[in-house]
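One structure below.
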Amino acid sequence: VISTDSVNPYRVVLLGAGGVGKTAFACIFSGAADSMDSDDCELCGGKDSEIHVDGEAATITLLDTWDNDGECAQECYMQSGDAFLLLYSITDRSSFLRASELRITLRRLRPAQHTPIILVGNKCDLVRRRQVSTNEGRTCAAIFDCKFIETSAAMQHNVWEAFHGIVRQLRLRRDSK
Ligand code: GDP
């Protein structure tokens with residue numbers, strides 16, 4: 001028997017510098033998940049999709065942000081999101097620094113909340129262009145008190161693991177309430 005998590009969808013927000021792979025993540029997500037009627041969402045028009053994680057369905061509204069939309073738009077997403085995939089590209093150190101800044105802004109806007117966050121090092125297929133080591137990513141995630149994963153949207157490697165991981169964290173939080 002498959003039960004559904006919640007009537008209200010979880011709002012999962014993609015954060016990160018331009019060019020790190022947010023759109024690629026959103027494409028993989030919307031291509032494979034069962035899309036349902038899009039909800040009228042004032043921020044973005046994000047689509048609700050149902051995915052199955054550990055035999056249980058979860059409804060997710062995936063919100064893609066654009067780094068150059070300005071501080072205000074990003075802050076709106078940060079305040080309204082339930083969980084965050086914080087992306088950088090392993091080939092671009094400045095995007096790694098941007099992820100740190102975004103984490104700090106998140107902490108400021110969502111104090112004293114166990115907000116599910118996964119730090120995602122994308123483009124791990126580009127081994128020869130790597131500028132940020134796996135260890136640096138992992139250490140940063142530990143300092144920021146969030147999970148860590150390296151992915152390749154191009155190779156569709158670990159992308160679903162990231163989405164599933166965020167659903168598991170949301171459920172842990174739900175079940176501990
Ligand atoms: P966004 O600005 O964060 O939405 O980034 P995009 O999803 O538009 O990706 C920027 C560029 O990086 C595009 O040309 C993508 O095809 C490419 N890209 C995204 N993810 C990967 C990846 O995992 N590996 C490689 N090699 N390229 C990627």
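Computed from a predicted structure; not experimentally measured. We count ligands from 1, going down the list as the structure has it; atoms in each ligand are counted the same way.
- Closest of all the heavy-atom pairs between Gly21 and Asn122 is CA-ND2, 3.7 Å.
- Distances between N or O atoms of Ala153 and those of ligand 1 include at least one value under 3.5 Å.
- With respect to atom 24 (N) of ligand 1, the closest heavy atom belonging to the protein is Asp125 OD1, 2.7 Å.
- The protein reaches atom 9 (O) of ligand 1 closely, with a heavy atom under 4.0 angstrom from it.
- At a 3.5 angstrom cut-off on N or O pairs, Ala154 counts as close to ligand 1.
- The closest side-chain heavy-atom distance from Pro9 to Ile60 is not below 4.5 Å.
- The closest side-chain heavy-atom distance from Gln156 to Thr151 is not below 4.5 Å.
- In the model, Ser133 has no side-chain atom that pairs as donor or acceptor with a side-chain atom of Asn135 under 3.5 Å.
- Protein heavy atoms are absent from the 4.0 Å sphere centred on atom 13 (C) of ligand 1.
- The closest protein non-hydrogen atom to atom 7 (O) of ligand 1 is Ala24 N, 2.8 Å.
- Among protein heavy atoms, atom 20 (N) of ligand 1 sits closest to Asn122 ND2, 3.1 Å.
- For ligand 1, the polar-atom distance check finds no N/O of Thr151 at less than 3.5 Å from any of the ligand's N/O atoms.
- Among Ser89, Gly21, Gly19, Ser95, the residue whose heavy atom sits closest to atom 19 (C) of ligand 1 is Gly21.
- Considering all non-hydrogen atoms of both residues, Arg108 and Glu75 come closest at NH2-OE2, 3.2 Å.
- Lys147 and Glu161 are not joined by a salt bridge, as no carboxylate oxygen comes within less than 4.0 angstrom of a charged side-chain nitrogen.
- Here Val20 has heavy atoms under 4.0 Å from ligand 1 in both its backbone and its side chain.
- Counting only heavy atoms of the protein, atom 4 (O) of ligand 1 lies nearest to Thr23 OG1, 2.5 Å.
- Under the 4.5 Å side-chain contact rule for hydrophobic residues, Tyr88 and Phe144 do not share a cluster.
- The shortest heavy-atom distance from Gly18 to ligand 1 is under 4.0 Å.
- For atom 18 (N) of ligand 1, the closest non-hydrogen atom on the protein side is Lys123 CE, 3.7 Å.
- Under a 4.0 Å criterion applied to the non-hydrogen atoms of Leu126, ligand 1 contributes the atoms 26 (N).
- The pair Lys123-Glu150 does not count as a salt bridge, with every side-chain nitrogen at least 4.0 angstrom from each carboxylate oxygen.
- Listed for the Arg110 side chain is a donor-acceptor partner under 3.5 Å among the backbone atoms of Met78.
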